[in-house]
K.L.:
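Please read through the structure below; I'll follow up with questions.
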Amino acid sequence: MTGTRKYPLFHPQFWPAWLGLGLLWLIIHLPESSQLAIGRNLGRLLYLCGGKLKKITLTNLRLCFPGQTPEERLMLARRNFSALGIGLIEAARAFWLPSEKLLASCTLHGFEHIPPAFAKGKGILLVSPHFTCLEIVGRLLALQHNFSVMFRPHKKPVLAFIHERFRNRHYPESIPSHRIRRLIEALKNNRAVWYAYDIDGGKKNSVFAPFFGIEAASLTSVSRLAHMSGAAVVPVHFYRQDKGFRYDVFLGPSLTHFPSDSLIKDATRLNALMEKAIRQKPEQYIWQYQRFKTRPNGQPRLYSQTAGPANDGIY
């Protein structure tokens with residue numbers, strides 16, 4: 001188990017979390033149409049309840065889509081929360097559904113880029129944004145291909161326990177985000193490692209580079225890891241199809257001349273790839289995260305005092 005906890009997992013303070021997980025387990029055994037409807041309504045309920053997630057989302061949309069009217073951004077936010085609610089159902093499907101019920105749910109595009117990347121013999125960094133269907137897409141890809149995942153341990157004990165069981169069951173190796181030596185070792189063994197890149201790592205681990213036209217604290221880790229290991233860097237993005245639990249995953253060619261001699265140039269390049277993928281399906285991106293929390297010296301905060309945790313899962 002990752003980390004420590006004050007009380008055992010079945011302590012009464014964790015009963016609401018177990019109840020919620022039990023309800024999700026029941027939901028994923030309903031017909032798919034019912035699951036989708038429940039997911040959308042969960043998202044709508046989260047939106048109507050307001051709170052910090054809604055404030056963060058609307059702030060992000062205002063910053064990233066200044067050309068849209070307030071009404072257009074509100075409509076996008078509602079669609080985004082519906083996608084987020086479906087994402088909760090998808091995470092439960094990833095955790096608990098047997099493999100035979102998930103096969104044929106995913107169409108992989110661009111797999112021809114993977115053999116040349118492996119031919120270098122120094123591993124692959126699969127670099128992706130955080131979309132709402134991240135958990136289920138990871139599970140679906142793991143059914144067909146072996147790869148390791150980077151993750152940030154969840155702060156809530158029950159969810160940390162569930163995530164740990166999920167990762168150990170479905171991935172050949174899961175690497176905590178602070179275990180860089182294990183990551184380097186995996187790359188040296190010519191493994192592919194999924195690394196969700198688009199997070200605010202703070203000033204210590206980042207440089208400022210444009211993301212949707214805003215200076216954003218952008219991780220330098222991909223550049224540093226590629227420099228240390230010689231790994232190929234392959235961009236990945238993925239979307240839920242418009243109908244049902246079906247997904248498209250797109251693999252791009254390995255980045256050439258990467259890393260460069262500039263961490264800022266590398267971060268700008270990676271951010272541009274993330275932004276391009278997000279703009280194709282902005283309603284499916286996880287906007288409930290303070291991506292622009294860390295600011296350059298002298299710049300004002302962009303969020304009110306509503307600090308929320310980063311999305312937990314695959315990192």
Side-chain angles (χ1 to χ4, degrees), residues 24 27-43 76 79-114 124-151 163 166-167 169-172 174 192-198 234-253 273-289 311-315:
L24 284 174
I27 289 169
I28 65 171
H29 291 87
L30 297 173
E32 286 193 0
S33 58
S34 298
Q35 295 178 47
L36 287 165
I38 291 170
R40 291 190 192 97
N41 286 316
L42 281 174
L76 177 55
R79 291 164 58 207
N80 178 239
F81 271 85
S82 292
L84 185 68
I86 293 173
L88 293 174
I89 304 300
E90 289 169 332
R93 289 169 62 86
F95 294 163
W96 293 309
L97 283 187
S99 298
E100 57 269 18
K101 288 194 174 183
L102 295 175
L103 290 171
S105 297
C106 179
T107 303
L108 187 59
H109 308 267
F111 187 75
E112 66 273 11
H113 300 304
I114 296 301
I124 300 175
L125 282 168
L126 300 168
V127 180
S128 79
H130 284 83
F131 285 103
T132 57
C133 55
L134 181 146
E135 296 284 5
I136 187 66
V137 167
R139 171 79 192 280
L140 292 171
L141 289 181
L143 291 176
Q144 305 175 52
H145 308 283
N146 286 330
F147 60 92
S148 303
V149 295
M150 290 285 290
F151 73 95
H163 268 112
F166 166 64
R167 289 189 303 268
R169 183 182 305 150
H170 298 299
Y171 297 110
S174 55
V193 181
W194 188 347
Y195 193 108
Y197 167 77
D198 54 328
V234 173
V236 185
H237 60 277
F238 42 89
Y239 310 115
R240 178 187 310 112
Q241 295 179 8
D242 292 337
K243 294 183 179 180
F245 293 111
R246 302 293 182 271
Y247 310 89
D248 288 299
V249 179
F250 299 88
L251 298 163
L273 288 168
M274 302 297 109
E275 179 178 336
K276 181 179 179 181
I278 293 163
R279 285 186 180 277
Q280 292 184 53
K281 293 280 187 179
E283 72 279 6
Q284 293 192 28
Y285 186 61
I286 298 179
W287 294 105
Q288 292 74 24
Y289 171 65
N311 173 61
D312 293 298
I314 298 173
Y315 277 84

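Just so you know, these numbers use all the heavy atoms, side chains as well, and skip hydrogens, waters and symmetry mates.
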K.L.:
Just verifying a value: how many Å separate Leu251 CG and Glu112 CD, rounded to the nearest 0.5 Å?
P.N.:
8.5 Å
K.L.:
Check step by step if salt bridge (charged side-chain N to carboxylate O under 4.0 Å, His left out) holds for Arg93 and Glu32.
P.N.:
CA-CA 11 Å; Arg93 289 169 62 86; Glu32 286 193 0; 3.4 Å; yes
K.L.:
How many angstroms lie between CD1 in Ile114 and NE2 in His145, if you round to the nearest 0.5 Å?
P.N.:
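Between Ile114 CD1 and His145 NE2, I get 8.5 Å after rounding to 0.5 Å.
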K.L.:
Where do Leu108 and Leu140 land on the side-chain contact (heavy atoms from CB on, under 4.5 Å) test, with the steps shown first?
P.N.:
CA-CA 10 Å; Leu108 187 59; Leu140 292 171; over 6 Å; no
K.L.:
Identify the two heavy atoms, one from Ala94 and one from Arg139, that lie closest to each other, and give their separation to 0.1 Å.
P.N.:
O-NH1, 2.8 Å
K.L.:
Under 3.5 Å, is there a donor-acceptor pair between the side chain of Gln35 and the main chain of Leu30?
P.N.:
yes
K.L.:
Apply side-chain contact (heavy atoms from CB on, under 4.5 Å) to residues Ile28 and Leu24 and explain how you reach the verdict.
P.N.:
CA-CA 6 Å; Ile28 65 171; Leu24 284 174; 5.6 Å; no
K.L.:
To the closest 0.5 Å, what do you measure between CZ (Phe250) and NE2 (His237)?
P.N.:
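Taking CZ in Phe250 and NE2 in His237, the distance rounds to 5.5 Å.
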K.L.:
Would you name the heavy atoms of Leu143 and Ser99 that are closest together and state the gap between them?
P.N.:
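In terms of heavy atoms, the two residues are closest at CD2-OG, 3.2 Å.
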K.L.:
Looking at every non-hydrogen atom in both residues, tell me the closest pair between Pro253 and Pro235 and how far apart they are.
P.N.:
O-CD, 3.4 Å
K.L.:
What distance do Cys106 atom SG and Phe245 atom CZ have between them, rounded to the nearest 0.5 Å?
P.N.:
14.5 Å
K.L.:
Can you tell me how far the CZ atom of Arg169 sits from the CZ atom of Phe95, to the nearest 0.5 Å?
P.N.:
10.5 Å
K.L.:
Please work out which of the three classes, parallel, tilted or perpendicular, describes the rings of Phe131 and Tyr285, given edges at 30° and 60°.
P.N.:
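Geometry flag for Phe131 against Tyr285: perpendicular rings.
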K.L.:
A side-chain contact here means heavy atoms from C-beta on lying under 4.5 Å apart; do Leu36 and Ile89 qualify?
P.N.:
no
K.L.:
My understanding is that only residues two or more places apart in sequence, or in another chain, count here; which of them pass side chain to side chain contact (heavy atoms under 4.5 Å, CB included) with Leu76?
P.N.:
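Leu76 satisfies side chain to side chain contact (heavy atoms under 4.5 Å, CB included) with Leu61, Phe65, Gln68, Arg79, Pro282, Glu283 once adjacent residues are dropped.
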K.L.:
Write down the atom of Asp198, the atom of Ser128, and the distance for their closest heavy-atom approach.
P.N.:
OD1-O, 3.7 Å
K.L.:
Where is the tightest heavy-atom contact between Leu42 and Gly85, given as atom of each residue plus distance?
P.N.:
CB-CA, 4.5 Å
K.L.:
Would His130 and Tyr289 count as a side-chain contact (heavy atoms from CB on, under 4.5 Å) if you check the C-alpha gap in whole Å, the side-chain angles of each, and the deciding distance to 0.1 Å?
P.N.:
CA-CA 10 Å; His130 284 83; Tyr289 171 65; over 6 Å; no
K.L.:
Could you pull out the closest heavy-atom pair between Cys133 and Tyr247, with the gap in Å?
P.N.:
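The pair with the smallest heavy-atom distance is CB-CE2, 3.9 Å.
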K.L.:
Can you tell me how far apart CG (Leu125) and OG (Ser148) are? Round to the nearest 0.5 Å.
P.N.:
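Those atoms lie 10.5 Å apart.
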K.L.:
Could you tell me whether the side chain of Val236 reaches within less than 4.5 Å of the side chain of Trp194, counting heavy atoms only?
P.N.:
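Sidechains of Val236 and Trp194: no contact.
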K.L.:
Do we see a donor-acceptor contact under 3.5 Å between the side chains of Glu135 and His163?
P.N.:
yes
K.L.:
For the pair Arg240 (side chain) and Ile86 (backbone), establish whether a donor and an acceptor sit closer than 3.5 Å, ignoring hydrogens and angles.
P.N.:
no
K.L.:
Is there a side-chain contact (heavy atoms from CB on, under 4.5 Å) between Leu134 and Phe238 once you walk through the steps?
P.N.:
CA-CA 8 Å; Leu134 181 146; Phe238 42 89; 4.1 Å; yes
K.L.:
Would you say the side-chain atoms of Asp248 pair up with the backbone N or O of Gln241, donor to acceptor, closer than 3.5 Å?
P.N.:
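No, the answer is negative, given that no donor and acceptor are paired below the 3.5 Å cut-off.
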K.L.:
In terms of the angle between their ring planes, are Tyr171 and Phe166 parallel, tilted or perpendicular, with boundaries placed at 30° and 60°?
P.N.:
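Ring orientation of Tyr171 relative to Phe166: perpendicular.
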